[in-house]
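Worksheet for the structure shown next.
Every chain is numbered from 1, with letters handed out A, B, ... down the list of sequences. Everything numeric in this text was worked out from a predicted model, so none of it was measured.
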Amino acid sequence: MVLALVRRRPKQLAIAALIVVLAIVPFLGNAYYTSVLIIIGINAMVAVGLCLLMGYTGQVSLGHAAFYGLGAYISAVLSRTYHVNPWLAMLAAVVATTAFAFAVGFPIFRLRGNYLAMATLGLGIILWILFREVDSITGGPSGLSGVPYLSIAGFNFSSDFRFYYLVWGFCIAIMVISESIVASRMGRAMRAVHGSESAAQSLGVNAAVVKVKVLALSAAYAAVAGSLFTYYLTFVSPQPFDFLFSVQLVVMAVVGGLASIWGAVFGAGAIRVLSEVLHPFGELDVVVFGLLLMVVMILTPQGLVRGIADLWHRFVSVRLAPTR
Amino acid sequence: MDDILRIEGLTKAFGGVVAVRELDLDIQECQVTAIIGPNGAGKTTLFNLIAGVFPPTRGRIIFQGRDLKGMPDYRRAGMGIGRTFQDVRLFGNMSVLENVMVGLHLKGKSGMLDAAFHWPGARREEENVRLTAINTLNLVGLGRKADMKAGELTFGQQKLVAVARAVAPQPRLIMLDEPAAGSNALERMEISDLVKRIVEMKITVLLVEHDMRFVMGTAQRVVVLDGGVRIADGTPGQVQSDKRVIAAYLGEPEARA
């Protein structure tokens, strides 16, 4: 009965299992674990979007921190400076960031490969400079404090315990939506563009439009994540949205196996845990991430999840070999 | 019979190299027309021009009475022009069935939001597309391979999937670029039968092929290109005995001397 369920509905079962495990963690009473998992959930949303863009559609972005930062800043400025309801500010942030992605998407996707990478890199750096330098709105390098908490009818998401469930609620919703999209007509068009742009176009797929739509969707995810991040800290500053974070996001997607929604979430977790472990050693984490990226690309280009699964299969078949 | 495709004064130059030169050509509906010629004769360039991969240097392409000038390739697919590629270009990481379902992209309308929220219209559409794709796979005899990764098929099977992918949306014109290349004699007969069945579906076929026996047994009309120029045009029998064709394939007597 259980086995049949595993075979027939593996995705639904995995999501159920993830929900159960995640639901229990805050009750362990370790505040540190809870706070790390909140950040993992926030990073995972951005990584899932990047995975749709890079893994499924085959378009690189080295500037995804820009969309994440844009979401965070719009939410922070609207809710703090202009006293807009934080939820409305978040909605505005998502809409504006998505519109921005549409606007930059059409010119940027005239480029391919290395040139596309350079352009997205430039985009990330330009926005990061704006966050730092437009003092009057963004508060400059020291940022803005006093961003309000999210609340629903007097219920404040002011504790880690409460915020944890909010973040993972959003994250699981994003995962479920992304899984549906990947399996749909749109998802097939995305994968077709990745496989062969010329063949996809010969079948009526407008590759440019597909790429821009996926960029916009991933920007929307990033804006949700950025908004939640700023409401979690009740503070925003340029530092978390720098170029290094864009690179970290790519490492998350690659480590998880580019074309896997689950992999992206796993990658976000692995990279976050690794950088927590490496925290006492200063900037060593950058070196380790670089090495990790190289090792994964060379040894298991399908990502760590697939790599470990393959190793496991090999292990099992070796163990069973003598009895056959 | 009516002309489905008219080509007038078509020229394509890549820098100094003229791949297609002042070509006039009318293609009749529901017929198999083969384009043959030595390497570099401009056959694939002609396909790319008709498909809209790049614009012509000069000349016009009129499809079902409509000038295709400036129309991008993905919109020409919507007009009913399908094609396969010499180097197949399947989506290797997708299943065989999904490859054919991409071929039916324009038969569906559902977008990102329909998928994200599981609206019932999208689910019904998905079912119809899946059914059509399975039927098309059965047509090329690969129904049982539907769930395999396209990249895991043999080269010959991959070529058949590419044909299924292009035929699935029932285009008005399909261009097959070397459908029999790399196949053995038995497979070539099967592909020839498949081409005839495609024509029975009221789809006009334009094909490029090097294998003469295949061309003679499949096409009603053969157009011979050499250096971007049409040097012969007629039934397979007429073309086979044409002196200029023999010269183009074997080289001019003077040149060999």
Side-chain angles (χ1 to χ4, degrees), chain A residues 12 48-49 52-53 55-58 98 101-102 173-221 257-261 301-303 306, chain B residues 47-48 51-54 72-85 87-95 97-119 122-123 125-126 129-130 133 150-151 162 165-166 168-169 171 174-175 177:
Chain A
Q12 284 86 336
V48 166
L52 292 179
L53 185 68
Y56 286 93
T57 320
T98 309
F102 260 111
I174 280 177
M175 288 171 71
V176 171
I177 287 172
S178 302
E179 286 280 3
S180 306
I181 288 174
V182 163
S184 74
R185 170 174 178 266
M186 179 67 191
R188 284 192 298 271
M190 286 158 58
R191 286 175 286 153
V193 167
H194 189 186
S196 166
E197 216 172 305
S198 54
Q201 298 234 127
S202 82
L203 300 167
V205 175
N206 185 342
V209 166
V210 169
K211 292 175 193 174
V212 172
K213 279 185 177 169
V214 178
L215 181 75
L217 180 70
S218 74
Y221 289 175
L258 276 169
S260 154
I261 306 287
Q302 305 267 43
R306 178 69 70 82
Chain B
F47 273 18
N48 284 334
V53 173
F54 37 60
D73 50 356
Y74 56 86
R75 286 208 38 223
R76 292 186 194 201
M79 296 273 300
I81 299 180
R83 72 172 301 185
T84 65
F85 297 87
D87 52 354
V88 195
R89 301 192 198 175
L90 283 191
F91 311 122
N93 276 327
M94 297 166 73
S95 76
L97 185 67
E98 283 178 317
N99 266 273
V100 182
M101 287 171 84
V102 176
L104 293 161
H105 184 78
L106 293 174
K107 297 288 167 191
K109 286 191 199 69
S110 72
M112 232 174 214
L113 292 177
D114 304 275
F117 300 111
H118 282 283
W119 281 328
R123 204 173 299 176
E125 174 190 298
E126 188 79 358
V129 164
R130 184 180 300 273
R165 190 173 71 173
I174 189 168
M175 298 185 283
D177 202 343

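Neither the backbone nor the side chain of B/L104 comes within contact range of chain A; no heavy atoms are under 4.5 Å apart. Looking at A/S178, there are no atoms closer than 4.5 Å to chain B (heavy atoms on both sides), in backbone or side chain.
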For residues 201-215 of chain A, dump all side-chain donor-acceptor pairs below 3.5 Å to protein atoms at least two apart in sequence or in another chain.
residue: A/Q201; atom: OE1; partner: A/A207; partner atom: N; Å: 3.0
residue: A/Q201; atom: NE2; partner: B/D73; partner atom: OD1; Å: 2.8
residue: A/Q201; atom: NE2; partner: B/D73; partner atom: OD2; Å: 3.1
residue: A/S202; atom: OG; partner: A/A199; partner atom: O; Å: 2.8
residue: A/N206; atom: OD1; partner: A/A208; partner atom: N; Å: 3.4
residue: A/N206; atom: ND2; partner: B/Y74; partner atom: OH; Å: 3.1
residue: A/K211; atom: NZ; partner: A/E197; partner atom: OE1; Å: 3.3
residue: A/K211; atom: NZ; partner: A/E197; partner atom: OE2; Å: 3.2

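With sequence neighbours excluded, the residues that form a salt bridge (charged side-chain N to carboxylate O under 4.0 Å, His left out) with B/R130 are B/E127. For B/F54, the ring-ring contact (aromatic ring centres under 6.0 Å, His included) test picks out B/F14, with sequence neighbours left out.
With chain B as the partner, the residue from A/A192, A/G195, A/S180 showing the most heavy-atom pairs under 4.5 Å is A/A192. Counting heavy-atom pairs closer than 4.5 Å to chain A, the top residue among B/G103, B/S110, B/G78 is B/S110. In terms of non-hydrogen atom pairs under 4.5 Å with chain A, the most contact-rich of B/M112, B/E98, B/E125, B/R165 is B/M112. Put simply, of B/A162, B/P171, B/A115, the one with the most heavy-atom pairs under 4.5 Å next to chain A is B/A115.
A 6.0 Å sphere centred on CG of B/D87 holds more than 12 heavy atoms belonging to other residues, nucleotides or ligands.
Taking non-hydrogen atoms and a 4.5 Å limit, the residue list of residues 181-190 of chain A in contact with chain B, ordered by number, reads A/I181, A/A183, A/S184, A/R185, A/M186, A/R188, A/A189.
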